[in-house]
Amino acid sequence: MQLLRSLCALSMVVGFCSLPSRANETLPPDTVKRAVNDYLNQMSTYQARMVVTKVVRLSSGRISEKTYNVECLSQDHIMRIARYARGAVEGSQTWFDIRQTLVFPTGQTAEWRHPGFPGQLTVGIEGPDATRVRHSAIDIGDPFAVLRKIKRVMDRQKLALHAITSETVVLRCTPGSERDVKRRTLQNDYIEIVCARKLGLLPISMTRVCVNDDQNREFDSGATVSMKFSRTADGSIIPISAQRDTRIRPDVQGTLTITWQMAAFDRTPPEQADMSLKIPGPALVLEADTGRQYSAHDDSSQRLKELLGDFVEVLDQPDAKRAVALSFVGRSPDLPQEYALLRRQQGSLIASSVSPWFVAANGFGLLAVGAFLFRRQVLRSISHHRIQPCE
């Protein structure tokens, strides 16, 4: 018994003993909640680019894989998510998609889908279509989607501090509703949240642990969401990757995994012009909450300004195509070749926008400087030869 106490004491010193200690009492779970809330409030403005991979089991049992290239611009919690994606079933390409979505903190959502240009703009707050659009955009395009998922669990459930080590703080809670909690104990079915101390108590993983097997349970033990962060030179903590592994049963249809890999993350505020949707006039507008439909270039399009303010701009179709070609989604390989042509033309216009008089003036200036330097070098050479003594 004395040996056991000594080993446990040693393991607590090095930070790996999972038994609670008196130090645990100084860190209530609410401290972790506040750390997460403060971090998400600080991350209200940024520019991010990601590659997101989603693997799904279909009702037929076959495996579908979708790859999303995503740009998320956030300005005071208003997100503009642009993405182009491809899908394949058992390795054969079957699907592609291009869409740009605005999500406001109020719940207002606007999404322009345009694989078949000019496409459709869906606007709404409470309707089922608007809700589906909003959740789909955030689930894929928000770089903090996993962290927000963990936050929802922390806000909904009663957390218990399980352990503190030199590197982590471990919290546990019982999954399900309060009624379900009464039928379980924390020892045989629980959710474990691991937070990193060096990252200011930000959660880095959340795992469903099920000791007792339940045939009616949809998720297997080990279902996990996780995040990786990095510190920048100025001390900021930014996301670099995330993963959601649902571990559903072999006979269940649904999402198997989603991975987010950050290609770039910058806290520089985006330009207001980049935050707006630039849609073509012929596009169909659907107000999801009322079912009202109209063309964007109709007199009714004034309604778009009422709904979205400066975050929407209705253009003529050629100008809208040019705007798409120059935007993030203009890189989609599934767009017609004319978009690549428009992008090259715009590059040529920028290159030729320099005045020929400016080029000529600079050319003459360079010639004059060159002539002056050449003349000075010749004179110095002549003078040098004149003062050399004769042998």
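- Q100 and H114 are linked by a side-chain donor-acceptor pair at a separation below 3.5 angstrom, with hydrogens and angles left out of the test.
- Considering CG of D310 and NZ of K305, their distance stands at 5.5 Å, rounded to 0.5 Å.
- Donor-acceptor pairing under 3.5 Å is lacking for the side chains of K66 and S64.
- Remark: side-chain polar atoms of S332 are not paired, donor with acceptor, to backbone N or O of V329 under 3.5 angstrom.
- Atom CD of E65 is separated from atom OG1 of T257 by 8.0 Å, given to the nearest 0.5 angstrom.
- The closest donor-acceptor contact from the side chain of R57 to the backbone of G61 lies at 3.5 Å or more, if one exists at all.
- Annotation: cation-pi geometry not satisfied between R86 and F96 (NZ/CZ under 6.0 angstrom from ring centroid, within 45° of ring axis).
- Of the candidates I78, V133, I138, V103 forms a side chain to side chain contact (heavy atoms under 4.5 Å, CB included) with just one, namely I138.
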Side chain to side chain donor-acceptor pair (under 3.5 Å), that's the test. Do K228 and S226 meet it? Break it down for me. CA-CA 7 Å; K228 292 183 179 180; S226 60; over 6 Å; no
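- Residues E111 and R99 meet the side-chain proximity criterion, which asks for heavy atoms closer than 4.5 Å.
- Between T174 and I191, every side-chain heavy-atom pair lies at or beyond the 4.5 Å cut-off.
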Residue pair R208, D189: steps toward the salt bridge (Lys or Arg N to Asp or Glu O under 4.0 Å) verdict: CA-CA 8 Å; R208 174 73 178 271; D189 191 2; 3.0 Å; yes
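- When hydrophobic clusters are built by joining Ile, Leu, Val, Met, Phe, Trp and Tyr residues whose side-chain heavy atoms come closer than 4.5 Å, directly or via intermediates, F117 is not grouped with L315.
- Of all non-hydrogen atoms in G107 and R134, the two that sit nearest each other are O-NH1, 2.6 Å.
- A ring-centre distance under 6.0 Å is not found for F229 and F265.
- Within the cation-pi definition used here (under 6.0 Å to the ring centroid, within 45° of the axis), K54 does not qualify as a partner of Y68.
- Scored by the side-chain contact (heavy atoms from CB on, under 4.5 Å) test, Q337 finds A340 as partners (sequence neighbours excluded).
- Taking the side chain as every heavy atom from C-beta outward, L201 and T31 approach each other to under 4.5 Å.
- The main-chain N or O of Q253 is never found under 3.5 Å from a side-chain atom of S59 such that the two would form a donor-acceptor pair.
- The backbone N or O of T168 lies less than 3.5 Å from a partner atom in the side chain of T165, making a donor-acceptor pair.
- Side-chain atoms of D289 never come within 3.5 Å of backbone atoms of G124 as a donor-acceptor pair (strictly under, hydrogens ignored).
- In plain terms, the two heavy atoms of A296 and I279 that are nearest each other are CB-CD1, 3.9 Å.
- Under the ring-ring contact (aromatic ring centres under 6.0 Å, His included) criterion, the residue pairs touching residues 270-329 are Y84-F328, F104-F311, with sequence neighbours excluded.
- Considering all non-hydrogen atoms of both residues, R244 and V225 come closest at CG-CG1, 3.2 Å.
- Ion pairing between a basic and an acidic side chain is recognised when a charged N comes within 4.0 Å of a carboxylate O; R62 and E90 show no such pairing.
- For the pair T224 (side chain) and G222 (backbone), a donor-acceptor distance under 3.5 Å is present.
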